[in-house]
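Quick caveat, the model's predicted, so the values are computed rather than measured. Side-chain atoms are counted along with the backbone in the values below, which use heavy atoms only and exclude waters and symmetry mates. Throughout, a chain's letter reflects where its sequence line sits, starting with A, and its residues are numbered from 1.
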Amino acid sequence: MRLLTCLLLCLAALLSSASVRAQERPSFIENNTLSVCTNPTLPPMTFVNGADLSAIDGFDIALARELGALWHVPVTFKTMDFTGLFPSLAAGRCSLVISGVLKQAAREHLFDAVAYLDTSPVIVAPSQIAPVTSFEALAGQSLAVESGTSYAARIEEINRTLISRGKPPIALQQYPSEDQVVQQVLVGRSQNFLSQDVELFYRQAQLGGKLHVIFSPSLPGYSEFALYLRRSGQDKALLAAAIDTLKRQGKITALEKKWNVGKAARAALGVTSERPRFNTATFFSALFSMAFLKGAVMTLVIALASHAAAIVISIPIALKLNAPRSLWHPFLRAYVAVFRGAPTLLQLLFIWNALPQFFPIFREGWFSPFLATWICLSINESAYQVEINRAALSAIDPGQLAGGQALGMSPSQIYRHVIFPQALRVALPPTINEFISLLKTTSLASVISLQELLFITQVQVARSFEFTEYYAAALVYYLAMVFAFLHLQKRIETRFVWASRASAGGKTGPRIESPTDGTEASRHAA
Amino acid sequence: MLHNLPPDPDCALSLRKLSKFYGEFLALDRISLDIAHGEKIVVLGPSGSGKSTFIRTLNRIEPHDSGVLMIDGEVIDDKTSLPLLRGAVGMVFQNYNLFPHLTVLENCILAPRLVRKAHRDATESLARAYLDQVGIGEQADKYPIQLSGGQQQRVAIARALCMAPDIILFDEPTAALDPEAIKGVIGIIDSLAERRITTICVTHEMGFARHIADRVVFMDKGVVLEASPPEQFFTAPQSARARQFLDQMIHHA
């Protein structure tokens, strides 16, 4: 029996020796998972297909799944801004970058690259513009490209040549996402855009025949899509072998066909029907979609959680700074200065992309975009809240402290029952203003892939190309939230009947509870 | 001289060489004084003479630096429990320092509830009784901002009474009041004396001082120059400084 098993195992091993090599797992597969960083705004390579945000799809996503199947490991996807892809790979947040990224020498200085699909750069212009045969024909015209890509550097190079020949340079315009690049030409702000053919294959239906390819330059470094990985031992060879295996098995050809990329698609660039300027149905379906509702809830939750933490952090700092000078002062002042001084977007990128380089613990799965945003916005907001609290505490008559002391109350009793409830009234209106501002600031977290309202919007736009409809839906949500809080602010202010003789007049007004029952005020402040 | 006698434990307050510094500045200079239970003391003196500092040392809002402060036979120092001391020595501030976010009644019961851990119902009925005594029982559920200056002062007095003090310190009690209201305060302070509550008032108001004082304490530059009954102080002051002060007050009044 044992002999038979052994024989069978040997036979199996012999038969599958070739595929065993291909299936040998590279070292970047950690915790038995293939984790992939991708920016799902580049259809048909990687994008959100449909209203459900977790459902990313495309050629790249399917390819990653094939790789996972080959290595018998599950695949997890981490979605983020394009500019965050390589910092995340460097930070060890994922094993591979699969995101329609071109194979280019500059990137290969830092990372290993394995090519998996042929492509070609295309210059696209409105359909009435005639095709051209060289970059010289574009001299003096405007050209939109996606920022964070290497197109810009390449165009600068071409510009130097143009200038040396006495021609005006191409006016470069850079936009943070592919869909915005295309939009610039659609709205007429830019005469041409530079992108890859696959993008255009997918966009044809959405563009309604308004745009077409006028030039397919042959640019070295723009002819292949590649997977990127950290440089480590045999990993590159193992990945290349895996891609070869998939090619031999016909899997890649099948994917090309499914996602309409590759040679066949290139031949079939056609013209399709006109689209309406504002599709009301799209707008309403976005407005009432689960995805937008979830995005709005995420925006609200992250804003509330961050502001709550900010208030907790800021109260002791404000008390210390209002007290006589101590050793703490310079440190607390520096804290406030740094976090008020640095742009919030920079702080987010720093926490998300730079921190893991210094402290590997931040590469782990628990350090989610939500947590990173929460930490960042809490600290950032606390610096502003400190100033509000200080002003509110300073506004309280020092006689209130003396009054409490003369009644034998301890300092903590005086703060809890006398100072804080009064300071709260002073601090509340500016605090709600701050909160409204914070609510809008949360949209910055879309760059580190927090799935808040703006992120949802961008993903939907990239998929469908229906800018106006999705932007309008996001606007409705933001305005609804802000107006709700403005209304709340008014309601709360009228609750402080003791603050003015006029409103304190009648017995009809709502009475503030006794602090001995624990008012909202003292609970908030304690 | 009182300076060299031991403090008298039978007095409400007994002070010996009580001094207070602000940095280099001597704010109170060796004050010695005995004040009997139920006595009504008025402290007079020019601005900056140390009157306010003096009464603030008596409840340790401004702790003294040297000398002896004895209250009800107990020596007051760093080890004295502040809640106990301030229960025994109440204070009514010039601008009352009422808590604007609390109603009149809540102003009165906050400290007894927090400091004495007194039961709410008992404290509340006591507070209502004191508010009735000072004549503003019907204002109990209003906020301070809804009351006149005189009414606010009565709240401050009722609030101090709720801690059941033996001594009440008044800082300029008449400063912001009209003559009608001043009459009311005089009545209240008299009724306190009837209950053997000692009162110490800092004031500028000569008429008020003459009316209520059992003894006038005259201070200048942190020193007590005189402590004598008002009829004696106002007609035949002992010190040249007091004569000068009275002359000025009469001219300006």
Practice task
Name the option with the most non-hydrogen atom pairs under 4.5 Å to chain A; the candidates are B:L82, B:L85, B:N59, B:I61.
Solution key: B:I61
Completion exercise
Scored by heavy-atom pairs under 4.5 Å with chain A, the best of B:P100, B:A156, B:G90 is B:P100
Practice task
Considering non-hydrogen atoms only, spot the tightest contact between A:Q413 and B:L114 and give its length.
Solution key: NE2-O, 3.3 Å
Completion exercise
Closest non-hydrogen atoms of A:Q400 and B:L98, given as atom of the first, atom of the second and distance, are NE2-O, 2.8 Å
Please indicate whether [X] has more than 12 foreign heavy atoms, meaning atoms of other residues, nucleotides or ligands, lying under 6.0 Å from its [atom1].
X      : atom1 : answer
A:F331 : CZ    : no
B:E74  : CD    : no
B:R195 : CZ    : yes
B:E138 : CD    : yes

Fill in the blank from the handout: CD (A:Q405) and CG (B:N97) are apart, to the nearest 0.5 Å, by 10.5 Å
Exercise for the section: Look up atom CD1 in A:I414 and atom CZ in B:F99, then write down how far apart they are to the nearest 0.5 Å. Expected result: 7.5 Å
Engaged part of [X] at the chain A interface, taking heavy atoms whose separation is under 4.5 Å:
X      : value
B:F93  : side chain
B:R159 : both
B:V89  : backbone

Handout entry: Donor-acceptor contact present, side-chain B:H101 to main-chain A:H417, <3.5 Å
Key = yes
Handout entry: Single hit among B:M91, B:R86, B:M163 for side-chain contact (heavy atoms from CB on, under 4.5 Å) with A:L407
Key = B:M163
